[in-house]
Amino acid sequence: MKLKSLVAIFLLIWCTDIFGVVISINGQAQVQIVMDENADVPVHYAAEELARFLKEVTGADFRIGTQLEDGWNAIYVGTCGPAPLGDFQNEEIGILTQGDDLYLSGGGLRGPLYAVYTFLEDYIGCHWWSSQAQTIPKRPTLGFVKIDHRFKPVFEFREPFWTDAFDGAWAARNKCNGHSQRLTAQQGGRHVYEGFVHTFYSLIPPDRYFAGHPEWFSQIDGKRTHDRSQLCLTNDTMRVELTKNLKERLRVNPSATIASVSQNDWHGNCQCEACQAIEQEEESPAGLVLRFVNQVAADIEQEFPNVEISTLAYQYTRKPPKITRPRPNVIVRLCSIECSFSVPLADERNQKFRDDIVGWSQICNRLYVWDYTTNFRHYFLPHPNLGVLAPNVKFFADHHVVGLFEQGAYTSPCAEMAELRAWVLARLLWNPNLDGEQLIDEFLAGYYGAAADEIKAYLTLIHQSVIQSGDWLGCFSPDDAKFLNYDTLAQGWMHLQAAEAMVSDNTELVQRVQVAQLPVMYAVMRNWKKFQQQAADSDLIWPMAKTPDEVYEQFMQIARDKKVTRLNEWQDGFALLDDALKKAKQ
């Protein structure tokens with residue numbers, strides 16, 4: 001027998017004795033990937049993804065089939081193989097070693113796929129930081145002693161609403177399933193809304209109905225109006241028409257799992273006698289909305305039994321009603337828009353919201369939350385809310401929330417720490433019991449490499465500054481907030497410059513650090529004259545380029561290279577920075 005054959009046999013015996021389940025030895029596959037011959041399309045995709053990433057990890061080629069060949073061990077994907085895994089709820093996963101075999105299974109279309117990604121991430125160390133960045137370890141010899149892992153996610157709806165998180169491959173690998181994630185059928189699909197939010201006027205358009213039916217719209221100060229108002233929710237004729245329109249939309253959108261029947265994005269609720277009487281009886285305008293939505297949900301239920309009706313508890317409807325309860329097919333989305341995000345939602349500063357979520361959690365079985373994780377007024381301003389992401393997600397889980405929409409900078413890439421927030425949120429939405437600080441450190445090390453410590457020092461500085469300032473960190477915070485002072489930004493810039501120096505030999509990492517520098521440049525540009533005067537008065541060394549033109553060009557070069565499209569939620573282009581440059585030069 002040849003020496004190589006003897007070595008191979010010895011390694012196989014040794015690995016089997018050490019590991020139990022042996023995936024590969026020295027870049028040679030020791031298992032086949034097996035799935036049921038009638039497996040759904042996502043199971044085929046899961047098997048392909050497993051083979052793909054195992055090859056990247058080990059260097060081995062793994063065969064995929066529906067029959068296990070003699071002499072081979074198996075990785076069973078989906079509901080196949082002899083192991084008694086039992087039944088799974090939707091999206092619940094199971095990872096099990098039994099004998100020499102490995103089982104990756106789960107419930108629903110996405111469960112087996114999530115089992116594969118969880119195995120790759122938690123047991124092998126694969127990470128998909130962004131749509132363009134990943135870490136895949138190299139382990140030519142790969143095996144496992146024992147795994148017995150079963151997990152069901154707390155949240156049925158998981159959507160980090162950040163531009164990069166819309167990428168379908170990233171979303172699937174990070175186990176997100178929201179409406180905006182571009183997930184294909186082979187990736188198990190997603191939750192699909194018919195009308196995502198603020199749908200009153202899309203279901204009853206004023207330009208179509210107001211002239212003939214002004215009574216369908218809010219009465220404000222004694223006059224029916226459609227100008228920044230709502231619908232008259234006690235008008236049964238209007239409700240019948242709205243339901244008819246909704247059914248027509250659902251018939252042409254058969255993939256929809258949720259339909260939005262929700263207030264417009266302003267106040268203007270109806271003041272007619274009938275509407276006001278119900279609001280007073282319920283001690284909240286939410287009671288009137290919920291009665292209306294409940295009736296719509298009842299009216300569509302027979303034809304569309306698999307569609308939930310979603311409405312909002314938002315601004316004037318945030319307080320839960322005294323009497324009415326949501327029907328089983330009604331989802332209430334509670335919005336945290338008024339909160340401060342420099343402190344956790346459980347903090348006394350956010351007591352009103354805390355009281356409302358407690359109230360809704362007691363009456364609602366399908367409670368979703370629309371949460372806010374960026375500064376919509378200034379996407380590129382430092383926004384030190386990283387420390388509250390984990391406590392807030394855990395707070396939602398503890399209050400029986402089952403769906404979470406984390407709205408971020410969704411109209412442009414590369415906003416302030418966008419990739420970090422999207423990844424950390426995805427991990428927390430899958431498992432809200434994870435340690436947020438550990439997740440941040442894990443991302444920084446994987447995404448920024450040797451620059452991680454300096455990036456962390458910058459982030460720590462900014463977060464300490466907002467706590468010390470006492471600023472209310474809302475999702476529309478101004479660019480002259482106290483925590484954005486000269487000392488903090490100057491020290492932060494020094495850390496970011498040091499971070500770039502740490503990775504100067506790696507072009508890709510330099511570019512990532514430069515994107516992380518944009519928020520400090522933006523904050524300085526927006527306050528150029530004030531900071532220049534402070535530096536001069538205190539005889540401080542100015543840390544950046546000495547002219548606003550130079551800082552502007554530096555910002556714009558990075559922004560253009562990264563295809564940044566806007567600096568806030570509403571305006572295309574760079575008007576906010578252009579205005580700052582003009583003021584700095586006046």
**Request:** Decide, yes or no, whether a salt bridge links R427 with D122 under the criterion of side-chain N to carboxylate O below 4.0 Å.
**Result:** yes
**Working for side chain to side chain donor-acceptor pair (under 3.5 Å), residues E419 and W129** = CA-CA 7 Å; E419 291 79 10; W129 310 115; over 6 Å; no
**Prompt:** Are there more than 12 heavy atoms of other residues, nucleotides or ligands under 6.0 Å from atom CG of N365?
**Reply:** no
**Item:** D356 bridged to R318 by N-O distance under 4.0 Å
**Value:** yes
**Prompt:** Under the 3.5 angstrom rule, does the side chain of T257 hit a backbone N or O of V192 as a donor-acceptor pair?
**Reply:** yes
**Straight-line distance of C275 SG to L288 CG, nearest 0.5 Å** = 5.0 Å
**Item:** Between CZ on residue F292 and CG on residue L231, distance to nearest 0.5 Å
**Value:** 6.5 Å
**Request:** Test V197 against W370 for side-chain contact (heavy atoms from CB on, under 4.5 Å), laying out the working first.
**Result:** CA-CA 11 Å; V197 73; W370 183 308; 3.6 Å; yes
**Message:** Under 6.0 Å between ring centres: does that hold for F155 and W430?
**Reply:** no
**Asked** Taking the side chain from S130 and the backbone from A133, do they hold a donor-acceptor pair closer than 3.5 Å?
**Response** yes
**Item:** Over 12 non-hydrogen atoms of neighbours within 6.0 angstrom of CG in N433
**Value:** yes
**Request:** Taking atom types as modelled, find out whether D265 and Y314 have a side-chain donor-acceptor pair closer than 3.5 angstrom.
**Result:** yes
**Prompt:** Side chains of S477 and N375: donor-acceptor distance under 3.5 Å anywhere?
**Reply:** no
**Prompt:** Which is it for T118 and Y123 under the side chain to side chain donor-acceptor pair (under 3.5 Å) test, yes or no, and what are the steps along the way?
**Reply:** CA-CA 8 Å; T118 299; Y123 294 93; over 6 Å; no
**Asked** Is there a side-chain contact between Q362 and W360 (heavy atoms, below 4.5 Å)?
**Response** no
**Asked** Is a donor on one side and an acceptor on the other found under 3.5 Å between the side chain of S284 and the backbone of K319?
**Response** yes
**Message:** Check E569 with R377, please: is the shortest side-chain N to carboxylate O separation under 4.0 Å?
**Reply:** no
**Prompt:** Taking atom types as modelled and ignoring hydrogens, do the side chains of N264 and R228 form a donor-acceptor contact shorter than 3.5 angstrom?
**Reply:** no
**Prompt:** Ion pair present between R239 and D299, side-chain N to carboxylate O less than 4.0 angstrom?
**Reply:** yes
**Message:** Taking W472's backbone N and O only, do any of them form a donor-acceptor pair with S342's side chain (distance below 3.5 Å, no angle check)?
**Reply:** no
**Prompt:** Which distance, rounded to the nearest 0.5 Å, do you find between the CE of M417 and the CZ of F443?
**Reply:** 8.5 Å
**Request:** Scan side-chain atoms only and decide if Y368 and E156 contain a donor-acceptor pair under the 3.5 Å cut-off.
**Result:** yes
**Message:** Test side-chain contact (heavy atoms from CB on, under 4.5 Å) on S255 and N253; report intermediate values, then the result.
**Reply:** CA-CA 6 Å; S255 62; N253 185 10; 3.1 Å; yes
**Request:** Measure from the ring center of F166 to the ring center of F161 and say whether it is less than 6.0 Å.
**Result:** yes
**Asked** Between N485 and T488, is there a donor-acceptor pair closer than 3.5 Å when you use the side chain of the first and the backbone of the second?
**Response** yes
**Asked** So is R512 actually on top of Y447's ring, under 6.0 Å and inside 45° of the axis?
**Response** yes
**Within the 6.0 Å centroid threshold, strictly below: W128 and W170** = no
**Message:** So, taking the atom named CD in E442 and the one named OG1 in T135, what distance separates them when rounded to the nearest 0.5 Å?
**Reply:** 9.5 Å
**Asked** Does some side-chain heavy atom of S336 sit less than 4.5 Å from a side-chain heavy atom of F341?
**Response** yes
**Main-chain N/O of L496 paired to Q517 side chain as donor or acceptor, under 3.5 Å** = yes
**Request:** Check whether any side-chain N or O of N392 sits under 3.5 Å from a backbone N or O of L345 as a donor-acceptor pair, and report yes or no.
**Result:** yes
**Prompt:** Are L484 and V466 side-chain neighbours, meaning at least one heavy-atom pair lies under 4.5 Å?
**Reply:** no
**Message:** Would you say CD of E303 has more than 12 non-hydrogen atoms from neighbouring residues, nucleotides or ligands within 6.0 angstrom?
**Reply:** yes
**Message:** Donor-acceptor check, side chain of Y201 to backbone of S229, threshold 3.5 angstrom: yes or no?
**Reply:** yes
**Message:** Looking only at the side chains, is there a donor atom on one of S180 and Y193 sitting less than 3.5 Å from an acceptor on the other?
**Reply:** no
**Asked** Judged by atom type as modelled, is there a donor-acceptor pair below 3.5 Å linking the side chain of T460 to the main-chain atoms of K456?
**Response** yes
**Prompt:** Hey, are R327 and E301 close enough for a salt bridge, meaning a charged N less than 4.0 Å from a carboxylate O?
**Reply:** yes
**Prompt:** Ion pair present between E49 and R173, side-chain N to carboxylate O less than 4.0 angstrom?
**Reply:** yes
**Request:** Apply side chain to side chain donor-acceptor pair (under 3.5 Å) to the pair D371 and T373, showing each step before the final yes or no.
**Result:** CA-CA 7 Å; D371 193 30; T373 60; over 6 Å; no
**Pairwise side-chain contact, F396 with I357, heavy-atom cut-off 4.5 Å (strictly under)** = yes
**Prompt:** F376 vs F476 aromatic rings, parallel, tilted or perpendicular, using cut-offs 30° and 60°?
**Reply:** tilted
**Prompt:** Between E91 and R110, is there a side-chain N and carboxylate O pair less than 4.0 Å apart?
**Reply:** yes
**Request:** Starting at CG of L104, measure out to CD1 of I95 and round the result to the nearest 0.5 Å.
**Result:** 6.0 Å
**Prompt:** Is NZ or CZ of R333 both nearer than 6.0 Å to the six-membered ring centre of F196 and within 45° of the ring axis?
**Reply:** yes
**Complete:** dist I309:CD1 -> Q295:CD (nearest 0.5 Å) comes out at 12.0 Å
**Prompt:** Taking the inter-plane angle between the rings of F395 and F353 on a 0 to 90° scale, is it parallel (under 30°), tilted (30 to 60°) or perpendicular (over 60°)?
**Reply:** tilted
**Prompt:** After noting the C-alpha distance and the side-chain angles of E338 and K352, does the key distance pass the salt bridge (Lys or Arg N to Asp or Glu O under 4.0 Å) rule?
**Reply:** CA-CA 9 Å; E338 297 91 352; K352 289 183 179 180; over 6 Å; no
**Asked** Would you find a donor on one side and an acceptor on the other, under 3.5 Å apart, between the side chain of D471 and the backbone of F483?
**Response** yes
**Close side-chain approach of T311 and V261, heavy atoms under 4.5 Å** = no
**Message:** Is a donor from one side chain sitting under 3.5 angstrom from an acceptor on the other, for N269 and Q263?
**Reply:** no
**Message:** side chain to side chain donor-acceptor pair (under 3.5 Å), that's the test. Do T184 and Q187 meet it? Break it down for me.
**Reply:** CA-CA 5 Å; T184 63; Q187 293 164 328; 3.3 Å; yes
**Message:** Could you tell me if the side chain of I363 sits less than 4.5 Å from the side chain of P321, heavy atoms only?
**Reply:** yes
**Request:** Could you tell me whether R291 and E279 have a side-chain N and a carboxylate O separated by less than 4.0 Å?
**Result:** no
**Request:** Using the six-membered ring of F157, assess whether NZ or CZ of R366 lies under 6.0 Å from its centre and within 45 degrees of the ring axis.
**Result:** no
**Request:** Could you tell me whether the side chains of E416 and T374 share a donor-acceptor contact shorter than 3.5 Å?
**Result:** no
**Request:** Kindly indicate whether the side chain of C176, heavy atoms from C-beta on, has any atom under 4.5 Å from the side chain of E159.
**Result:** no
**Asked** Heavy atoms, side chains only, cut-off 4.5 Å: are L96 and I147 in contact?
**Response** no
**Message:** Using a strict threshold of under 4.0 Å (side-chain N to carboxylate O), is an ion pair present between E348 and R354?
**Reply:** yes
